[in-house]
Student: 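Below is the structure I would like to discuss, written out as structure tokens.
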Amino acid sequence: MDMTERIRAKLTTALMPLHLVIEDESHRHAGHAGRMQQPGHAPAGGGTHFKVVLVADAFTGLGRVARHRMVNGLLAGEFADGVHALQLRLLAPGEEG
Amino acid sequence: MSDEVFERIRREISDNPVVLYMKGTPVFPQCGFSSTVVQVLNRLGVQFKGVDVLSDPSIRDGVKRFSEWPTIPQLYVKGEFVGGCDIVREMYLSGELQSYMADKGVATTTAA
């Protein structure tokens, strides 16, 4: 399973998102120092820089930092396995506008 | 060792009203996400202390553990963790960052 699918599986199971888009933007960071950090983990073809847009009921009533902490916590294993940057847009239903 | 780093961070964020843990320096950011936050703070006219985590691996690792936040940059205002690049950008675009700075008594040069 590639890193995009790992992230999708974790977030889908834990948050049951109403909307979820995951983009692997690793190619835009080719040559970036962070990509050379963990040669054993980060494949040259991608898997280090991701952008996630996620709408879920779980975020209702939570501030921005708490939402990010929730997602970062769910993906702690993925960070350990080579994810270097994760751009997050985390919305509760009704905030999409 | 961890305690020393935490103590240093605690001192930094209490001695300086606005601290940005970043890659590179405010003049020469070494990462697009750090650069974005620097640009936002400059646009608001906020004075801040930039701490280059690339020049000190113990701080780079230490601030992630201190904040329980896995990525850099990290913005602190009056000792309080505000967030990373995405949060700072969202708050800036919605106008919240301007009012947040005002609430915290941090001077900005642009009107909220």
Side-chain angles (χ1 to χ4, degrees), chain A residues 3 6-7 10-11 21-23 25-38 41-42 47-56 59 62-92 94-97, chain B residues 13 19-25 28-37 39-40 52-58 60-61 63-101 103-104:
Chain A
M3 192 56 87
R6 270 181 69 174
I7 293 172
K10 281 269 177 73
L11 297 180
V21 177
I22 304 172
E23 287 173 52
E25 299 206 310
S26 308
H27 61 282
R28 294 182 54 195
H29 301 270
H32 187 294
R35 304 211 51 215
M36 301 350 159
Q37 272 177 182
Q38 293 165 298
H41 293 289
T48 56
H49 291 66
F50 292 89
K51 191 176 198 170
V52 173
V53 180
L54 198 164
V55 181
F59 299 141
L62 292 182
R64 289 192 170 89
V65 170
R67 294 176 190 194
H68 280 244
R69 280 197 206 285
M70 185 185 283
V71 169
N72 288 333
L74 289 169
L75 300 179
E78 285 66 29
F79 273 103
D81 283 346
V83 171
H84 172 72
L86 187 62
Q87 270 184 277
L88 299 174
R89 185 156 167 74
L90 307 175
L91 304 168
E95 294 177 349
E96 296 95 326
Chain B
I13 63 175
V19 182
L20 179 63
Y21 293 91
M22 62 179 291
K23 292 183 180 174
T25 64
F28 292 109
Q30 300 286 319
C31 155
F33 302 117
S34 290
S35 178
T36 297
V37 177
Q39 284 174 44
V40 166
D52 180 9
V53 304
L54 295 179
S55 68
D56 188 340
S58 70
R60 180 177 183 168
D61 177 61
V63 77
K64 289 179 181 179
R65 286 185 291 111
F66 182 84
S67 309
E68 296 176 50
W69 195 263
T71 50
I72 307 290
Q74 298 185 10
L75 180 66
Y76 276 86
V77 175
K78 294 286 170 89
E80 188 174 279
F81 179 65
V82 178
C85 176
D86 297 324
I87 288 180
V88 169
R89 184 171 41 201
E90 278 180 26
M91 288 178 75
Y92 172 65
L93 292 175
S94 69
E96 273 170 83
L97 191 60
Q98 294 83 326
S99 38
Y100 179 83
M101 293 291 181
D103 288 348
K104 293 282 177 187

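Heavy atoms only: backbone and side chains are in, while hydrogens, waters and symmetry mates are out.
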Student: In Å, rounded to the nearest 0.5 Å, how long is the span from CD of B/Glu90 to CG of A/Leu91?
Tutor: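 Reported to 0.5 Å precision, the distance equals 7.0 Å.
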Student: Looking at B/Gly83, B/Pro70, B/Cys85, which one has more heavy-atom pairs under 4.5 Å with chain A than the rest?
Tutor: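 Max contact count across the listed options: B/Pro70.
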Student: Enter the distance from A/Gln87:CD to B/Thr36:OG1 here, rounded to the nearest 0.5 Å.
Tutor: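 Going from CD on A/Gln87 over to OG1 on B/Thr36, the span is 8.0 Å.
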Student: For B/Trp69 versus A/Val65, what's the shortest heavy-atom pair and its separation?
Tutor: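 Minimum heavy-atom separation between B/Trp69 and A/Val65: CZ3-O, 3.8 Å.
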Student: Drop me the distance from B/Asp86's CG to A/His68's NE2, to the nearest 0.5 angstrom.
Tutor: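 B/Asp86 CG to A/His68 NE2: 5.0 Å, rounded to 0.5 Å.
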Student: What part of A/Leu86 is in contact with chain B, defined as an atom under 4.5 angstrom from a non-hydrogen atom: side chain, backbone, both or neither?
Tutor: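 When you check distances to chain B, only backbone atoms of A/Leu86 fall under 4.5 Å.
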Student: Testing the basics here: between B/Thr71 and A/His84, what is the closest heavy-atom pair and its distance to 0.1 Å?
Tutor: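 Closest approach of B/Thr71 to A/His84, heavy atoms only: CG2-O, 3.9 Å.
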Student: Would the number of heavy atoms belonging to other residues, nucleotides or ligands and lying under 6.0 Å from CD of B/Glu68 be above 12?
Tutor: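 12 or below, so no.
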Student: Closest approach of A/Arg69 and B/Ser67, non-hydrogen atoms and distance?
Tutor: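 Minimum heavy-atom separation between A/Arg69 and B/Ser67: NH1-O, 2.6 Å.
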